[in-house]
Amino acid sequence: MEMASNFIKSIIEEDIASGKVREIVTRFPPEPNAYLHIGHARAIITDFEMARIFGGYTNLRFDDTNPVKEDAMFVEAIKEDIKWLGYTPKNVFFGSDYFEESYQRALLLIRKGLAYVDDQSPEEVSKHRGTLTEPGVESPCRNRSVEENLRLFQEMRDGKYADGEKTLRAKIDMASPNINMRDPVIYRILHITHHNTGDRWCIYPMYDFAHPLQDAIEGVTHSLCSLEYVDHRVLYDWFVEKCEMPHTPHQYEFGRLNITNTIMSKRYLRQLVDAKEVRGYDDPRMPTLVGLRRRGYTPEAIRTFVIGTGLSRINSTVSSEMLENCLRDDLRLKALRVNAVLNPLKVVIDNYPEGQTEWFDAPNNNENEALGLRKIPFEKVVYIERDDFAETAPDKHWKRLSLGLEVRLMHTYFIKCISVVKDQDGTPREIHCTYDPETKSGTGFTARKPNGNLHFVAAGQALPATFNLFEPLMVDSDGDRPLLERLNRDSWHVMNGFVEPSLKDVQSGDKFQFVRNGYFSVDYDSRPGALVFNRIVELKSSFK
Ligand code: ATP
Ligand code: MG
């Protein structure tokens, strides 16, 4: 699926038509401090698709300018996620690759009288920043001489000062209506070992300063980001210009993607993991890409979804059903449709010979003949779903099995229920049926119509399996209470049942449609003899 027309595509088309740019270069700049979620997928897909459509390329650049929060583990996880989505960056860079160059550009600003060392603490700096209605207060250090600033900045670099004792600030305008322009801090002191540069630096550039320079150094033409950076754009342009960068990148902002019943903020996702409310970042209920992958979502479904949500200049919230539908559309013709009984009820076919197994042909996907046929067994004892049986039919629309009624066991024979054996509390323990050999599938029997067509698994050949069924971790209608208070703590249901023998050798990540029960994916913890399946989505939307 191609990205439809959108404002960014139009801008790029104009830039190419006017000769302003020749090769489109974009970048995806994640902070390596968390796992990516499906909101990031919008940024990734936009960055890569925009470059790809116009024959350009995309860099992956880890924004690791803040040494406090980074973790090498996330670097690998993010690379893996991008690859899984189907994209290959032309280069993999780190913001820290440019520390020396940023430093030189900061010196240039100082020499031009456009940056100064401030002695105020970070608290004082933010206190004097002013508000939307009041201008900020100029720092007493604002008019230091170039020489003094150069000396102090050198001393900052040399480690002469403690964290927070001094900062380097751009000298712009303390009365600007845009607060970002009120002498923003561009360097701060942090005596922390950086994961890439070790202890080489104890001053680190701020994102707003580092980011435009990085884009310029890499020759990025269109620096695409989400809407919260809109008020930072003037500052972005100011740094590119005043630092005399030989290349001028441009920033464009698109709306963030939100999904109903889905929390995407990194902070909340971390809270869920830290509080052990989920089993980790790759818990199948998490909206992280690792979680969605484990659940069984395909990269194709995620891409179709993200592209289908379009791209606009405002934040948007789309229904989680749309994502589910993309998965159904992706797997409808691809996945084998096989039998699994999630909540088994034992059925004994009294007049079928003990010890006999007959094998029947069953289509692998009745909407896609190309997937061929497989054999399914029929035997004296089979399992059906408990809710496919009611001792007496609840109403005249009942299309399943009851005492005295006859149904077809899919692709095999008609069976008729003649008695029920119950536990003390009245729940059926097993039911007894007879089969009619005349009704054998493939013989063209049409004399009677069955009261339904049930999927089943032959007991002697059945493979035990665990099925994980999920609900949303959170529903929007629960209001604005704190996250952990409105968590759905009953969102993971485990069922123990059986699957047909053709699934003996499934591999982690294989996907199936289980007749009537939905789409399932083989979990990472699945082993031969102890199969585990995660339900990706039901066959139809379950949202009422
Ligand atoms: P969060 O707000 O969840 O902490 P972030 O924006 O801080 O995410 P980054 O690692 O900085 O996380 O994100 C990399 C890129 O992904 C940024 O350019 C950001 O704009 C984009 N991005 C993050 N979340 C979304 C979203 N929900 N929709 C679109 N783009 C997003
Ligand atoms: Mg961010």
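For this chain, numbers begin at 1 and follow the sequence in order. Predicted model only: the values in this text are computed from it and were never measured. Ligands are counted one by one from 1 in listed order, and the atoms in each one are counted from 1 as well.
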- Message: What I'd like to find out is whether the side chain of D81 reaches to under 4.5 Å of the side chain of I44, using heavy atoms alone.
- Response: no
- Does G255, backbone or side chain, put an N or O under 3.5 Å from an N or O of ligand 1? no
- Query: Which residue from R267, R27, K266, H40 reaches closest to atom 23 (C) of ligand 1 through any of its heavy atoms?
  - Reply: H40
- Query: Is there a side-chain contact between V537 and Y519 (heavy atoms, below 4.5 Å)?
  - Reply: yes
- Message: Just to be sure I'm reading this right: ignoring hydrogens, which of P30, S316, A34, S226 gets closest to atom 20 (O) of ligand 1? Compare them by their nearest heavy atoms.
- Response: S226
- Query: Can you check whether N258 has an N/O within less than 3.5 Å of an N/O in ligand 1?
  - Reply: no
- Message: Is the distance between the ring centroids of Y87 and F28 under 6.0 Å?
- Response: no
- Item | For F470, the option from F520, W492, Y297 that meets ring-ring contact (aromatic ring centres under 6.0 Å, His included) | W492
- Query: If you measure from atom 2 (O) of ligand 1 to every heavy atom of M264, R270, R256, which option wins on shortest distance?
  - Reply: R256
- Query: With atoms numbered from 1 as shown, which atoms in ligand 1 lie under 4.0 angstrom from a non-hydrogen atom of F28?
  - Reply: 14 (C), 15 (C), 16 (O)
Identify all side-chain donor-acceptor contacts of residues 280-289 below 3.5 Å with residues at least two apart in sequence or on another chain.
from, atom 1, to, atom 2, distance (Å)
D282, OD2, R294, NH1, 3.3
D283, OD1, R285, N, 2.8
D283, OD1, R285, NE, 3.0
D283, OD2, R279, N, 2.8
D283, OD2, R285, NH2, 2.8
R285, NH1, S491, OG, 2.9
T288, OG1, Y281, O, 2.6
T288, OG1, G291, N, 3.0

- Between E31 and ligand 1, is there a nitrogen or oxygen pair with a distance under 3.5 Å? yes
- Query: Can you tell which of P29, P32, A43 gets a heavy atom nearest to atom 21 (C) of ligand 1?
  - Reply: A43
- Query: Testing Y252, F254, Y236, Y207 for ring-ring contact (aromatic ring centres under 6.0 Å, His included) with Y229, which one passes?
  - Reply: Y207
